[in-house]
Amino acid sequence: VNREFKALQYLDSHIGPLWCCPRPIAQILDHAIIIMEYKPGIVLGKMFWDYIKWGTISRFYLIKLKSLIRDIATIISKLQELACDPSKLVIADEYWYYAFLNQQLEELSHLGVRLELLDSIRDKVKGSLHSILVEENRCFQHTDLYFNNIIHFDYTYCILDLPNACWGTRYWDISHL
């Protein structure tokens with residue numbers, strides 16, 4: 001709760017004309033609650049699937065879909081430009097990524113993905129982590145940025161669900177989205 005509250009406070013001071021996040025009003029640590037301002041809107045996941053109804057995309061919705069993707073790319077770029085301030089958020093290290101990777105691979109193994117493939121993925125990711133976690137790649141990382149954690153209202157996008165926000169690699173949110 002405290003990490004999300006700090007992330008919301010930090011982002012609130014950096015919002016732009018295209019994006020925002022709910023303004024944190026208070027936190028109740030004893031019950032792990034954050035009280036935030038209400039932002040009405042449409043979840044991007046719904047918008048996305050509305051644009052792609054029945055497996056076909058009309059010319060009108062193709063234009064809207066391109067605009068949506070361009071806007072989200074711009075938001076990720078703006079988030080990545082924020083100055084790294086370790087006093088505001090933790091820095092994700094190799095152990096953080098290893099733990100997340102192992103959790104994801106465990107879930108895939110329960111879905112029946114072959115163990116050889118999972119071991120290959122683990123080896124490739126672990127082999128590349130050192131090169132992508134260099135300081136020049138460090139930036140704000142939402143960690144769980146995908147269409148259901150973004151709402152759209154009044155020509156603005158609102159980023160939600162920040163309990164795992166940290167300073168991480170610029171490749172994370174792009175690949176997760």
Side-chain angles (χ1 to χ4, degrees), residues 1-92 96-97 100 103-104 132 136-177:
V1 171
N2 198 32
R3 184 192 298 187
E4 183 169 19
F5 191 79
K6 284 182 176 182
L8 288 166
Q9 284 180 315
Y10 181 76
L11 288 180
D12 186 48
S13 63
H14 292 88
I15 62 172
L18 183 61
W19 67 278
C20 67
C21 63
R23 184 166 284 126
I25 298 168
Q27 64 178 327
I28 305 168
L29 292 175
D30 295 347
H31 299 287
I33 295 172
I34 298 175
I35 299 169
M36 296 177 249
E37 72 177 325
Y38 174 72
K39 296 283 190 183
I42 299 171
V43 174
L44 254 55
K46 179 181 179 347
M47 284 177 64
F48 177 80
W49 290 112
D50 284 349
Y51 294 165
I52 304 178
K53 285 184 179 174
W54 314 114
T56 60
I57 302 175
S58 70
R59 192 170 301 196
F60 173 73
Y61 284 121
L62 183 59
I63 292 167
K64 289 175 106 20
L65 185 60
K66 284 181 178 180
S67 176
L68 172 69
I69 292 168
R70 185 189 65 243
D71 289 347
I72 299 307
T74 301
I75 291 168
I76 290 174
S77 177
K78 294 295 183 191
L79 289 172
Q80 291 181 348
E81 291 172 5
L82 297 176
C84 180
D85 184 349
S87 70
K88 302 292 181 194
L89 299 170
V90 299
I91 296 175
W96 186 94
Y97 289 100
F100 187 86
Q103 177 188 1
Q104 295 297 308
I132 66 172
E136 58 263 17
N137 288 334
R138 189 175 298 150
C139 66
F140 178 86
Q141 179 180 300
H142 179 286
T143 300
D144 193 23
L145 188 64
Y146 72 112
F147 282 171
N148 287 343
N149 281 336
I150 305 170
I151 60 173
H152 185 260
F153 68 99
D154 294 335
Y155 305 102
T156 302
Y157 296 91
C158 184
I159 300 168
L160 308 171
D161 194 25
L162 293 148
N164 296 311
C166 60
W167 300 114
T169 178
R170 66 181 59 260
Y171 303 110
W172 185 269
D173 285 338
I174 294 168
S175 65
H176 189 70
L177 187 64

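- Counting all heavy atoms, side chain and backbone alike, Pro22 lies closest to Leu8 at O-CD2, 3.5 Å.
- Here Val1 pairs with Gln27, Leu29, Ala32, Ile34 under the side-chain contact (heavy atoms from CB on, under 4.5 Å) rule; sequence neighbours left out.
- Atom CG of Leu160 sits about 9.0 Å away from atom SG of Cys21, to the nearest 0.5 Å.
- Atom CD1 in Ile42 sits 13.5 Å away from atom SG in Cys158 (nearest 0.5 Å).
- Interatomic distance, Ile35 CD1 to Phe5 CZ, rounded to the nearest 0.5 Å: 9.5 Å.
- Looking at heavy atoms from C-beta onward, Ile132 lies out of side-chain contact with Tyr97 at the 4.5 angstrom threshold.
- Here side chain to side chain donor-acceptor pair (under 3.5 Å) pairs that include residues 155-170, with residues two or more places apart or in two chains, are Asp71-Tyr157, Gln80-Arg170, Asn149-Asp161.
- Minimum interatomic distance between Ala165 and Phe140 (heavy atoms only, all atoms of both residues): CB-CZ, 3.9 Å.
- Dense packing is recorded around NZ of Lys39, with more than 12 heavy atoms of other residues, nucleotides or ligands lying under 6.0 Å away.
- The minimum heavy-atom distance linking Pro40 with Ile151 is given by the pair O-CD1, 4.0 Å.
- Residues passing the ring pair (Phe, Tyr, Trp, His ring centres under 6.0 Å) test with Phe147, sequence neighbours excluded: Phe48.
- Considering every non-hydrogen atom in both Gly168 and Gln141, the closest pair reads CA-OE1, 3.3 Å.
- For Lys46, the salt bridge (charged side-chain N to carboxylate O under 4.0 Å, His left out) test picks out Asp50, with sequence neighbours left out.
- To the nearest 0.5 Å, atoms CD1 (Ile159) and CD1 (Ile72) are separated by 7.5 Å.
- Here the CG-OG distance, from Asp173 to Ser77, works out to 12.0 Å after rounding to the nearest 0.5 Å.
- Taking CD1 from Ile150 and CG from Leu44, the interatomic distance works out to 5.5 Å, rounded to the nearest 0.5 Å.
- Among residues at least two apart or in separate chains, salt bridge (charged side-chain N to carboxylate O under 4.0 Å, His left out) pairs with a member in residues 1-18 are Asp12-Arg23.
- Shown here is Leu18, whose CG atom has more than 12 heavy atoms of other residues, nucleotides or ligands within 6.0 Å.
- Under a 3.5 Å cut-off, the side chain of Thr74 and the backbone N or O of Arg70 do form a donor-acceptor pair.
- Closest approach of Tyr10 and Ala83 over heavy atoms only: OH-O, 2.7 Å.
- Annotation: ring pair (Phe, Tyr, Trp, His ring centres under 6.0 Å) contacts involving residues 15-38, sequence neighbours excluded, are absent.
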